[in-house]
Amino acid sequence: MIERFRTLAAILTVVAVIVVVWYAFAVVLNSRWEYDQAARAGVQIGLPELIERTLAQDRPMLPAPHQVLAGLWEGVTRYAPTSRRNLVYHAGVTLSATLAGFALGAAAGLLLAVGIVHSRAMDMSVMPWAIASQTIPILAIAPMVIVVLASLGIKGLLPKALIAAYLSFFPVLVGMVKGLRAPDGMQLDLLRTWNASRATTLFKLRLPASLPYLFASLKVGIASALVGTIVAELPAGATMGLGARLLSGSYYGQTIQIWSALFAAAILAAVLVAAVGAVERLVLKRMGLAR
Amino acid sequence: MSWQGWAAIAFWIAATMLNCHIANRWYRSRWARPFVATLFGVTLLVLWEGLVRGLNVSPVILPAPTVIAARFAQSLPLLWGDFTQTILKGALSGYLIGCGAAVLVAILVDRSPFLRRGLLPVGNFIAALPIVGIAPILVMWFGFDWQSKAAVVVVMVFFPVLINMVAGLAATDPLQRDLMRTYSATGRQSLLYLCLPAAMPFLFNGLKIATTLALIGAIVAEFFGSPTRGMGFRISTAVGQLDLPLVWAEIAVAALAGSGFFGLMTLIEKAVTFWHPSQRAAGRGA
Amino acid sequence: QDVKLQLKWVTQAQFAGYYVAKDKGFYEEEGLSVEIMPGGPDIAPTQVMAGGGADVTVDWLPSALAAREKGLPLVNIAQPFKSSGMMLTCLAETGITGPEDFRGKTLGVWFGGNEYPFLSWMATLKIPTDGSPEGVTVLKQGFNVDPLLQKQAACISTMTYNEYWQVIDAGIKPEELVTFKYEDEGVATLEDGLYVMEDKLADPAFKEKMVKFVRASMKGWKYAEENPDEAADIVLENDETGAQTEEHQKRMMGEIAKLTAGSNGALDPADYERTVKILLAGGSDPVISKAPEGAYTLEVTDEALK
Amino acid sequence: MTAAPVIDIANLDLVFQTNDGPVQALKDVNLRIGKGDFVSFIGPSGCGKTTLLRCIAALETPTSGRLTVCGISADEARKARSYGYVFQAAGLYPWRTIAGNIRLPLEIMGYTRAEQQDRVQKVLSLVELEAFGRKYPWQLSGGMQQRASIARALAFDADILLMDEPFGALDEIVRDHLNEELLKLWRRTQKTIAFVTHSIPEAVYLSTKIVVMSPRPGRIAEVIESPLPRGDRPLSIRESREFLDIAHRVREGLRAGHAYD
Amino acid sequence: MTAAPVIDIANLDLVFQTNDGPVQALKDVNLRIGKGDFVSFIGPSGCGKTTLLRCIAALETPTSGRLTVCGISADEARKARSYGYVFQAAGLYPWRTIAGNIRLPLEIMGYTRAEQQDRVQKVLSLVELEAFGRKYPWQLSGGMQQRASIARALAFDADILLMDEPFGALDEIVRDHLNEELLKLWRRTQKTIAFVTHSIPEAVYLSTKIVVMSPRPGRIAEVIESPLPRGDRPLSIRESREFLDIAHRVREGLRAGHAYD
Ligand SMILES: Nc1ncnc2c1ncn2[C@@H]1O[C@H](COP(=O)(O)OP(=O)(O)OP(=O)(O)O)[C@@H](O)[C@H]1O
Ligand SMILES: Nc1ncnc2c1ncn2[C@@H]1O[C@H](COP(=O)(O)OP(=O)(O)OP(=O)(O)O)[C@@H](O)[C@H]1O
Ligand SMILES: Cc1ncc(C[n+]2csc(CCO)c2C)c(N)n1
Ligand SMILES: [Mg+2]
Ligand SMILES: [Mg+2]
């Protein structure tokens with residue numbers, strides 16, 4: 001109970017500091033526009049007036065926190081959740097593709113890692129090319145990929161999920177290759193003396209020992225999957241999802257809309273990462289590793 | 001499918017068998033690893049070439065590797081210019097700043113229970129802002145040139161490095177921590193002598209993931225405004241001009257640079273974490 | 001009969017004619033079922049066509065001709081837009097009064113197939129675009145008008161129906177701006193036309209389908225011109241992002257109507273020749289190297305408008 | 001020792017490559033161990049006892065020499081699950097309870113659930129940890145962890161038991177008790193046991209054969225056959241003349257391998 | 001025992017909370033250790049010896065009771081760097097060489113570079129690992145790792161040495177040698193030493209005071225003051241009448257804590 005309270009207090013303090021800094025930045029960044037406007041109108045502008053105006057611009061360079069909150073609130077409550085104008089609707093679209101992509105990506109990363117740890121041929125050949133695959137700026141060619149997939153008749157959620165998977169499999173792969181190799185010599189030797197099969201070694205030793213690595217990489221992986229989905233949503237006809245919201249906000253210079261979509265995305269990411277964290281705690285607790 | 005396609009598939013099967021053979025028989029020799037990796041890559045390229053030719057894929061959808069190679073050779077100065085702009089200026093500076101900041105914040109978070117409680121969740125939240133949303137804003141703030149790309153890279157690499165580093169700093173075993181307590185080591189000392197070394201395997205995990213993210217970040221950020229050079233700029237304009245060979249030449253540059261970068265980090269990792277069980281062949285645990 | 005239409009950009013009044021035709025049942029009357037696919041910043045309609053992802057696309061003539069030279073045989077079958085809405089919008093305070101003043105300045109330009117008109121214009125003016133002091137520095141302009149508002153560029157590309165109004169909405173008064181319409185500078189190129197693949201067009205059944213499609217689309221366009229407010233509403237209804245505003249779309253529809261006004265859908269070969277001439281004038285690095293053959297056909301519109 | 005050799009080692013060498021040059025851990029080791037022998041290895045710290053045991057268990061590959069187990073290679077014997085190994089450090093898996101750790105080899109070797117349960121209970125009480133089956137390793141004292149790891153090796157039926165200082169962290173009384181129990185088990189099951197220890201009385205009390213090693217490089221200095229009866233050995237035998245004689249011989253052998261005194 | 005108590009423990013209780021209910025590790029422990037005392041703790045495995053040492057070093061917080069060290073709290077004493085601790089497991093850092101591990105506390109406590117060098121050499125040769133300074137922990141045998149961890153605790157000048165079965169993995173001869181060296185060091189430096197062992201002779205040979213503990217819950221069963229001279233104790237003293245008497249008393253005390261025999 002006290003722990004909870006302390007955590008909350010700490011978070012609130014940090015948030016408060018950030019909000020104050022944010023307001024200060026908003027005033028500074030947005031003031032140039034106000035000065036320009038004043039100069040164009042040929043008038044002088046005082047500090048209180050400046051602050052008031054910088055925090056209430058329509059297209060601020062940096063919207064003030066309350067503007068973003070208002071934008072979020074409006075996006076969520078103004079229309080029915082099934083309406084295209086509702087942020088929750090778009091978040092839902094993005095979420096489904098993210099989860100599908102993450103599931104695909106994490107599974108692929110895990111399987112590849114298992115393969116790499118067990119097969120020397122795979123270790124030698126796949127790993128360098130898995131790395132090279134990530135250096136292909138998939139985000140840069142996502143539009144092309146979407147177009148090519150569409151021409152193959154793959155449309156809707158799947159292309160987005162594929163791009164999300166492409167981004168999320170890599171952190172899982174790298175983390176798990178390390179994690180599966182983390183058991184030390186003695187732990188492995190023990191199983192060797194019992195002539196445990198590779199599968200047994202995997203399930204009884206390598207997997208449990210790799211859990212800290214697994215969860216660290218799953219957290220990165222799910223965040224990457226979200227980024228992938230959002231990027232894939234930009235060109236996928238730019239219709240639905242948080243990515244499309246970001247884009248149209250961008251297109252019309254609606255900074256407040258951009259920031260609300262951005263925060264919606266971040267909230268989604270935070271929820272997803274927290275969900276992975278909750279699973280982690282649960283698993284570690286059940287395994288007696290949470291000390 | 002015409003004969004080229006079948007030939008490529010035959011080559012693929014043969015090469016894979018050769019690879020397995022070498023990996024199982026000759027794995028002790030120095031040349032095995034690079035050889036197997038190269039052969040695997042060559043196989044992919046041959047397969048690609050064969051299928052593109054065999055299936056008559058339109059060059060504006062997917063050009064063949066030979067066509068890409070020709071375009072690559074022909075536009076070296078252009079590619080070099082884009083490379084300097086995007087990778088040397090944008091990605092590298094952003095990577096250094098971003099990873100440095102993440103390590104520092106991770107240390108702060110690990111040192112201070114207050115920050116661990118307060119900053120970590122908030123930091124996670126902020127770092128989870130998607131790059132495509134941030135890029136336009138950062139371009140707006142930092143201008144069109146490489147500085148804004150570096151800023152995007154900073155934001156992008158921060159989260160993975162932070163998460164891994166925090167996990168790493170916590171990955172010391174209780175006995176090792178107790179030892180530090182009996183020395184009444186100061187916070188700085190246990191950090192320097194215990195937590196930092198113990199965190200290295202995790203840190204490098206993050207640093208390696210971050211190398212590829214840095215490239216992606218720098219390239220994608222150029223979509224949201226850039227001078228008329230840079231890899232992202234070139235890719236997006238070349239797609240518009242249906243100059244797909246140039247697009248793929250740029251991608252090849254990115255892949256080469258990225259693999260080189262990653263390889264470099266792997267070498268450093270080997271040198272720094274030689275003691276970790278994953279880096280030693282066999283041992284009996286320390 | 002199914003028709004897939006790929007737009008050049010996101011759902012907005014620029015494409016009102018097609019949405020109206022669909023909404024008012026004009027396509028249905030012709031026995032067509034039309035799927036309208038919005039575009040986006042990094043969607044090259046030409047590439048979608050190459051991949052077989054659409055039957056017909058809305059694109060600009062320069063981009064279509066460039067693609068044709070790259071080996072993608074696109075053919076213009078109709079041209080609902082008579083005049084060009086493209087212009088360069090500059091801040092008056094930069095001291096720019098005429099094209100010669102561009103030298104030494106930074107200009108924002110759209111790429112991804114939209115840069116050809118600009119490059120041709122600069123070539124006719126003999127202004128290098130390499131960033132040298134006597135030339136201009138070119139920025140790849142992002143999605144919006146921020147570069148002008150943030151003074152990162154002296155001028156940016158705008159469309160009469162869209163970005164220009166965003167600048168005005170941002171609080172800058174028209175008298176603080178200097179605009180250069182491509183139309184007025186004599187470098188106008190044909191915009192939003194309908195394009196299909198040449199080999200498909202050889203199939204009489206497909207051609208028949210396109211005739212119906214163009215007929216219904218033009219009916220939509222004319223309806224939109226006469227009922228701009230209703231057209232804007234229809235566009236808004238079809239916007240899946242839910243981000244467009246009514247005010248902006250109504251105004252856009254008004255401006256669009258001015259551009260479509262002079263066209264019954266048929267391409268005017270004179271306009272075509274002018275565009276080709278401008279594109280060929282591109283100095284050392286022209287957009288197209290020789291006058292293309294068979295890049296347009298009047299057969300479809302002749303049939304459709306009978 | 002008339003039985004056919006179960007473990008047959010000839011001219012065994014082992015060199016470790018380290019950052020700091022090669023280390024010769026074993027040099028020219030020759031040894032035959034018969035079926036049902038109880039062989040103790042004793043020698044100064046770092047002389048290669050662990051390394052030799054690891055070679056027998058096919059965990060280390062000798063640089064040269066021949067090593068067969070039951071006529072087949074050590075690695076094949078390993079695959080036939082001939083070994084139970086107690087490591088020098090307990091090496092319990094932290095994510096399993098004590099009972100879970102002991103059950104692990106049984107699960108791997110496919111014992112039925114009921115039998116697993118049964119055996120775990122039996123060995124837990126053998127090492128007097130009945131009350132600790134549901135605890136995790138870090139909740140146990142050092143000696144208790146070591147006992148758990150002994151229990152783990154005794155839980156299943158291996159023909160050959162390799163034990164690396166299993167009783168090092170135990171007090172005299174538990175140690176005596178476990179010594180007796182181990183002897184009983186050995187007599188009952190006719191296992192072949194290779195046993196590393198630092199305690200001379202323990203080595204003499206338990207073994208049919210004592211191998212004294214000397215360090216750098218690790219060699220076999222002496223092999224002492226015990227004249228003590230294979231059958232019943234009460235603890236009181238430790239006061240007998242013969243016992244003290246052998247102990248003395250072992251001590252002298254050991255001392256020869258040390259630099260001082 | 002005329003010296004003022006360095007370690008003063010009164011009514012100490014410690015209960016661990018586990019998934020499986022609370023475990024009472026220490027119950028009503030009372031003990032005073034004077035300056036310069038050499039106190040051995042002996043008792044069955046799991047009786048709380050390690051836990052008690054950890055309490056003294058302020059690594060564990062007692063559930064109730066009082067514990068002062070030199071008149072201040074254990075935690076303050078820890079902060080004043082009064083302790084050298086040898087853990088039951090070696091606990092060397094795998095990323096440092098053996099010499100690096102021994103140098104670690106010296107670096108932390110700010111010794112000069114020359115002195116670090118000097119001390120590392122001295123303790124390395126004390127535990128006979130001169131040739132292994134540049135090796136990494138996993139390249140050493142179990143006993144060598146344990147010796148390295150002893151060297152690490154001896155390298156710096158702590159007033160109080162806490163040693164948890166430091167010689168458990170060593171053979172008799174090295175053990176005797178290190179026993180002698182430890183006694184010499186103790187006499188020279190007048191350190192206060194708390195020492196856990198399972199060897200009755202070792203406890204009697206080294207100590208001025210032997211604490212016999214009994215298990216579940218861990219209590220002090222008996223405290224035996226040694227009548228042996230504080231000064232010179234040759235190894236041969238182990239055959240003396242007095243020595244054997246005390247050893248007998250300790251054994252009886254120990255046996256009382258065990259269920260069997
Ligand atoms: N972290 C812990 N959590 C729960 N119980 C613990 C923990 N540490 C020790 N115990 C329990 O406390 C008791 C005393 O343990 P301790 O390690 O002090 O024994 P010990 O006397 O050092 O034994 P040994 O000679 O085997 O090392 C044991 O029953 C053990 O199970
Ligand atoms: N993995 C390794 N790499 C390098 N050297 C090693 C390795 N393992 C052991 N050695 C060396 O081999 C020698 C023998 O080690 P081993 O562990 O067999 O000794 P031991 O007889 O078991 O000693 P102890 O009684 O202390 O356990 C030692 O000198 C040690 O340093
Ligand atoms: C990256 C990019 N940014 C802006 C535009 C601008 N734009 C929006 S609509 C339109 C007219 C096309 O019908 C144009 C030019 C673009 N195309 N691509
Ligand atoms: Mg050993
Ligand atoms: Mg203990």
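We use all heavy atoms of the structure for the numbers below, so side chains are in, but hydrogens, waters and symmetry mates are not. Residue numbering restarts at 1 for every chain, and letters A, B, ... go by the order of the sequence lines.
Inter-residue side-chain proximity for A:Lys178 and B:Glu269 is flagged as met; some heavy-atom pair is nearer than 4.5 Å. Residues B:Phe159 and A:Val273 are in side-chain contact: their nearest non-hydrogen atoms beyond the backbone lie under 4.5 Å apart.
When heavy atoms are compared at a cutoff of 4.5 Å, A:Leu29 approaches chain B solely by way of its side chain, counted from C-beta outward. Within the 4.5 angstrom heavy-atom criterion, no atom of A:Leu8 approaches chain B. Contacts between B:Leu244 and chain A at a heavy-atom distance below 4.5 Å involve the side chain alone, from C-beta outward. Contacts between B:Phe261 and chain A at a heavy-atom distance below 4.5 Å are absent for every atom of the residue.
Chain B forms the most heavy-atom pairs under 4.5 Å with one residue out of A:Val17, A:Leu272, A:Leu62, and that residue is A:Leu62. Most heavy-atom pairs under 4.5 Å with chain A: of the set B:Ile251, B:Val247, B:Thr43, this distinction falls to B:Ile251.
When the shell of 6.0 Å around CH2 of B:Trp12 is examined, it contains 12 or fewer heavy atoms from other residues, nucleotides or ligands.
Between A:Ala216 and B:Asn164, the shortest heavy-atom contact is CB-OD1, 4.2 Å. Residue A:Tyr213 comes nearest to B:Pro201 through the heavy atom pair OH-CB, 4.3 Å, listed as atom of the first residue, atom of the second, then distance. The two residues B:Ile209 and A:Phe170 have their closest heavy-atom pair at CA-CE2, 4.2 Å.
Atoms OG1 and CG, from B:Thr212 and A:Leu167 in turn, are 8.5 Å apart once rounded to the nearest 0.5 Å.
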